[in-house]
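I am attaching a structure below and will ask some questions about it afterwards.
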2 protein chains.
Amino acid sequence: MRTIEWRDGSVITLDQTLLPEEEVWIEMRSCLEVAEAIREMRIRGAPLIGVAAAYGLALTAYHSRAKNRDDFLGEIEQSANLLKGTRPTAVNLFWAIERIIKKVRSSEGDVETLKKLIIEEAKRIAEEDIAVNRKIGEYGSKLISEGDTILTHCNAGRLATVDYGTALAAVRVAWEEGKRIKVIATETRPLLQGARLTVYELMRDGIPVTLITDNMVGYIMLKGLVDKVFVGADRIVRDAVINKIGTYNIAVLAHEHNIPFYVAAPLSTFNLNATSKDVIIEERKPEEVTHIRSIRIAPHGVSVLNPAFDITPIKYVNAIICEMGILSRDDLQKITKEK
Amino acid sequence: MRTIEWRDGSVITLDQTLLPEEEVWIEMRSCLEVAEAIREMRIRGAPLIGVAAAYGLALTAYHSRAKNRDDFLGEIEQSANLLKGTRPTAVNLFWAIERIIKKVRSSEGDVETLKKLIIEEAKRIAEEDIAVNRKIGEYGSKLISEGDTILTHCNAGRLATVDYGTALAAVRVAWEEGKRIKVIATETRPLLQGARLTVYELMRDGIPVTLITDNMVGYIMLKGLVDKVFVGADRIVRDAVINKIGTYNIAVLAHEHNIPFYVAAPLSTFNLNATSKDVIIEERKPEEVTHIRSIRIAPHGVSVLNPAFDITPIKYVNAIICEMGILSRDDLQKITKEK
């Protein structure tokens, strides 16, 4: 099962806001619809957002009636800006858009040539995502031992990517290699991606998974129930990993209990010429906190904070797993120095 | 407003599972009804559970038709056992029951005398709770400075006691003294006592409060938004504080960010001849995690952990505030050595 697919002139994807109760596939025919789906988190997960953005540009290209190169490029730039305005934190979105824009600008072809170029590049980004995730899984599995219990946060699985996942790719490869492992998934308030998505996809694969609330992490670590932590990332900067809100809590707790804390993410998530000070942490609407689904859980008019991500300083990260291999904190420091 | 009140032959209390949407007062006419209300968490909060248990015994006494002392004591013991079986972790429950049983056993009066004795003792326990909480508030406020932002977890407020609260008593006294302070309340999954109860009672008092999910604590501490942490306790043993699940996460995070972590609780919560190894951590039903109100948020059949409390080793606690004053870690060590 792929999470997103290109059909000539449209893109289909699973609506992740409705899982696990309903598996509804939505069909998007314009970049506007893709942007809306990203904003509403029907499409979520840094790598998947990047692929969706690429497909969004492909939809603009496919349906364009522009007669000349300049008009066509204008439409593509407009779509790119629309997409860039959806979510500010995950860097894969910007990476995928820039990659396509660069490709188009460096080509001298006519409108039809450029259309094909964009659609092909979007498909390539999607294909690469799968290959990259398999690599991440293979490297990540080297860090997983027989009998390990892996704690994961949010959803860094198949549903956050085109297929296979990042943090969960490591779990999947370890499982395929016959290691008897278990996963503990944090529910991940406010939007419950752990409870809804991670549990759903691991149960489908038959990998043992136990659900906890976010505030149980310390207790189960103190009880010795966690061997390793694997999470994904929305952006990796020189001094920190930016990931779903709650990641930093877990990193500090893992550090305190001497539990290795690993981050799995493709190179498209790396943004090593930036530091955490450069990153805008998206603040989402208060209703995500005051309501769960349609049910109000707090008094009317209460003041709320709702940052979608947090910042984990690199000192809490034992290693970062990408398609090139396993990077230690020191490796990462070296890469950033070379930049 | 008192959270619980004795009416001749019945006890009324606010059903805390229905707040903040509905303010429903329930009337209990037997110890069985009180036990059921404690089990279902219509009555919750360690000090309030203690008072409710005392009133439960008072109901048995009031309605008893026993003709002689032995039959009467048998009924009281039976009720005591029923109450003791409701929730294993908070110690105030056992403290209140033992206090009444001891009183009755040491009296040589007839059934009518004993009935009065129990009812009077239960009322006294309730009155003392208010006086004790005011004391805790006065001592606790000494630790709060003008402009402080206080993070609190779960509900250690009026609704966890007969009136005034423990951790929130400190906040209330500071506010009454004119200190301009703010509170940040964690929602406290699974049962959302922070979102439902703490926000509700602080908003009623006009004290500024902001709601966050449990997994935002690290992020807002890193951002410098928290000056002090105040929580309650369900049991204080020689080496640890036992409190609502999630307390330990916050304690470790506070420690990492050099933020003082204070526990406010009456002496009836102290159990200094025990250690954390002696404490049974109540495991509650999985539906509290897989559902929020009536809504399912995780796939059918998922495995769940649901400890209601966690264990915060004393090294993370900067001070414990009780009706006798402010105890440092060292003071506590001294007390436990004297015992």
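The chains referred to below are lettered A, B, ... by the order of the sequence lines, with proteins before strands, and numbering in each begins at 1.
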**Report entry** From A/M216 atom CE to B/D310 atom CG, the distance as rounded to the nearest 0.5 Å
**Finding:**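 Output value for this atom pair is 9.5 Å.
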Report task. Report the distance from atom CD1 of A/I297 to atom CZ of B/R189, rounding to the nearest 0.5 Å. Result ->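 A/I297 atom CD1 to B/R189 atom CZ measures 8.5 Å (nearest 0.5 Å).
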Query raised in the report: Is it the case that more than 12 heavy atoms not belonging to A/K228 sit under 6.0 Å from its NZ atom?
Result: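 Check passes, neighbour count above 12.
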Query raised in the report: To the nearest 0.5 Å, what is the distance between CG (B/L253) and CG (A/L253)?
Result: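 The CG atom of A/L253 is 5.5 Å from CG of B/L253, to the nearest 0.5 Å.
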Query raised in the report: Does the side chain of A/Y248 come under 3.5 Å of the side chain of B/E256 through a donor N or O and an acceptor N or O?
Result: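 Per modelled atom types, A/Y248 and B/E256 side chains form no pair under 3.5 Å.
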Report task. Please name the residue in the list B/I184, B/V199, B/T210 that meets the side chain to side chain contact (heavy atoms under 4.5 Å, CB included) test with A/S303. Result ->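 So the option named by the test is B/T210.
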**Report entry** Side chain / backbone / both / neither for A/M203 at chain B, heavy atoms under 4.5 Å
**Finding:**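 Just the side chain, heavy atoms under 4.5 Å.
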Query raised in the report: Measuring from A/I245:CD1 to B/D214:CG, what's the distance to the nearest 0.5 Å?
Result: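 Separation between the atoms: 11.5 Å.
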Report task. Please look at A/H153 and chain B and tell me whether the side chain, the backbone, both or neither of the residue comes under 4.5 angstrom of a heavy atom of that chain. Result ->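 Only the side chain of A/H153 comes within 4.5 Å of chain B.
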Requested in this report: With a 4.5 angstrom heavy-atom cut-off, could you sort out which part of B/E21 is near chain A: side chain, backbone, both or neither?
Outcome: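 B/E21 touches chain A through side-chain heavy atoms alone.
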Query raised in the report: With only heavy atoms counted, which part of A/P20 is less than 4.5 Å from chain B, the side chain, the backbone, both or neither?
Result: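 Side chain only.
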Query raised in the report: Is it the side chain or the backbone of A/I220 that comes within 4.5 Å of chain B heavy atoms, both, or neither?
Result: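 For A/I220, the contact with chain B is made by the side chain alone.
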Query - Inter-residue atom distance A/Y219.OH - B/L305.CG, 0.5 Å rounding - result: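 Answer rounded to 0.5 Å: 9.0 Å.
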Query raised in the report: With a 4.5 Å heavy-atom cut-off, do B/S294 and A/I295 have their side chains touching?
Result: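 A side-chain contact under 4.5 Å exists here.
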Query raised in the report: Heavy-atom distance under 4.5 Å to chain A: side chain of B/I311, backbone, both or neither?
Result: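 Both the backbone and the side chain of B/I311 come within 4.5 Å of chain A.
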